[in-house]
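Keep in mind it's a predicted model, so treat the numbers as computed, not measured.
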Amino acid sequence: MARDRIIPRPYAQPAGIPFATSEEAWFWFIQANEAKAAGARVSAGLALVQRPCEPVDLLRVVDRLYRQRALIRDHLHVLAHYGRRSSAPDPRCRREERACTLWREAFARIDPVLRDKGIVQ
């Protein structure tokens with residue numbers, strides 16, 4: 001009778017590779033949401049690059065900051081608009097000056113939370 005080899009599973013899953021910046025994490029979140037809206041199936045652990053969070057974790061962070069009134073509606077509009085463009089507002093462009101200010105304010109509030117959670121290095 002042959003013995004089955006039992007390979008023990010590690011207790012903790014690998015943490016994944018943290019994002020370099022909060023903006024990178026935001027663009028990843030927007031792309032993941034657009035893919036999901038287009039019909040892609042999101043499954044944990046199947047990506048080419050393992051990340052320390054799921055897209056919904058970033059949504060929870062932004063939602064919590066909005067409910068605490070650290071972010072206002074204008075911040076959310078700018079984050080969504082430029083997130084879909086996959087580029088930050090250009091401070092040199094006169095039409096994007098206000099958006100750039102809101103973008104920086106939003107990430108000044110989002111960045112510390114993402115760093116505390118280990119999502120951003």
Side-chain angles (χ1 to χ4, degrees):
M1 186 156 114
R3 284 188 166 169
D4 292 329
R5 292 187 73 184
I6 299 174
I7 301 172
R9 290 186 180 178
Y11 288 108
Q13 293 285 44
I17 301 169
F19 294 97
T21 65
S22 297
E23 290 180 356
E24 181 186 348
W26 183 254
F27 293 137
W28 171 79
F29 162 73
I30 293 292
Q31 289 173 353
N33 275 348
E34 286 180 347
K36 187 175 179 183
R41 293 184 183 167
V42 179
S43 298
L46 298 179
L48 296 175
V49 177
Q50 296 297 319
R51 293 299 183 179
C53 65
E54 293 296 317
V56 72
D57 296 332
L58 272 82
L59 180 63
R60 286 184 188 135
V61 167
V62 171
D63 183 54
R64 193 183 88 228
L65 290 171
Y66 178 72
R67 289 174 187 270
Q68 292 174 347
R69 297 180 187 211
L71 296 176
I72 60 173
R73 220 177 156 101
D74 291 344
H75 289 123
L76 301 182
H77 286 293
V78 167
L79 289 172
H81 176 73
Y82 288 95
R84 285 190 294 271
R85 281 182 31 177
S86 294
S87 67
D90 186 1
R92 297 169 295 174
C93 180
R94 184 174 170 88
R95 294 178 61 184
E96 296 181 5
E97 285 176 353
R98 171 111 170 100
C100 186
T101 302
L102 290 168
W103 180 267
R104 288 179 181 162
E105 287 174 2
F107 279 105
R109 292 174 176 101
I110 294 170
D111 189 63
V113 178
L114 296 183
R115 287 186 189 282
D116 289 346
K117 291 182 176 287
I119 295 171
V120 175
Q121 291 179 344

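- For the atom pair Ile119 CD1 and Asp116 CG, the distance stands at 10.0 Å (nearest 0.5 Å).
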Name the atoms and distances for all side-chain donor-acceptor pairs under 3.5 Å in residues 18-32, with sequence neighbours left out.
from  : atom 1 : to     : atom 2 : distance (Å)
Thr21 : OG1    : Glu24  : N      : 3.0
Ser22 : OG     : Asp111 : OD1    : 2.4
Glu23 : OE2    : Trp103 : NE1    : 2.7
Glu24 : OE1    : Ala20  : N      : 3.1
Trp26 : NE1    : Leu79  : O      : 2.9

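- The two atoms that bring Leu102 and His75 nearest to each other are O-CD2, 3.2 Å, heavy atoms only.
- Not a single donor-acceptor pair under 3.5 Å links the side chain of Arg51 to the backbone N or O of Gly16.
- Smallest separation of non-hydrogen atoms from Val78 and Ala99: CG1-O, 3.5 Å.
- For Arg104 and Glu96, the salt-bridge test fails: no basic side-chain N is under 4.0 Å from an acidic carboxylate O.
- Using a 4.5 Å cut-off on side-chain heavy atoms (C-beta onward), Leu71 and Glu105 make no contact.
- Within a 6.0 Å radius of CZ in Arg98, other residues, nucleotides and ligands contribute 12 heavy atoms or fewer.
- Remark: Asp63 does not engage Arg60 in a salt bridge, criterion side-chain N to carboxylate O under 4.0 Å.
- In this structure, the side chain of Thr101 engages the main chain of Glu97 through a donor-acceptor pair within 3.5 Å.
- The minimum heavy-atom distance linking Tyr66 with Ile72 is given by the pair CE1-C, 4.1 Å.
- Ser87 OG to His81 NE2: the interatomic distance, rounded to the nearest 0.5 Å, is 8.0 Å.
- Summarising the geometry, atom CG belonging to Leu58 is positioned 8.0 Å from atom CD1 belonging to Ile110; distances are rounded to the nearest 0.5 Å.
- Expressed to the nearest 0.5 Å, how far CZ of Arg64 lies from CG of Leu59 amounts to 12.5 Å.
- Between Asp90 and Arg95 there is no salt bridge, since no side-chain nitrogen of the basic residue lies less than 4.0 Å from a carboxylate oxygen of the acidic one.
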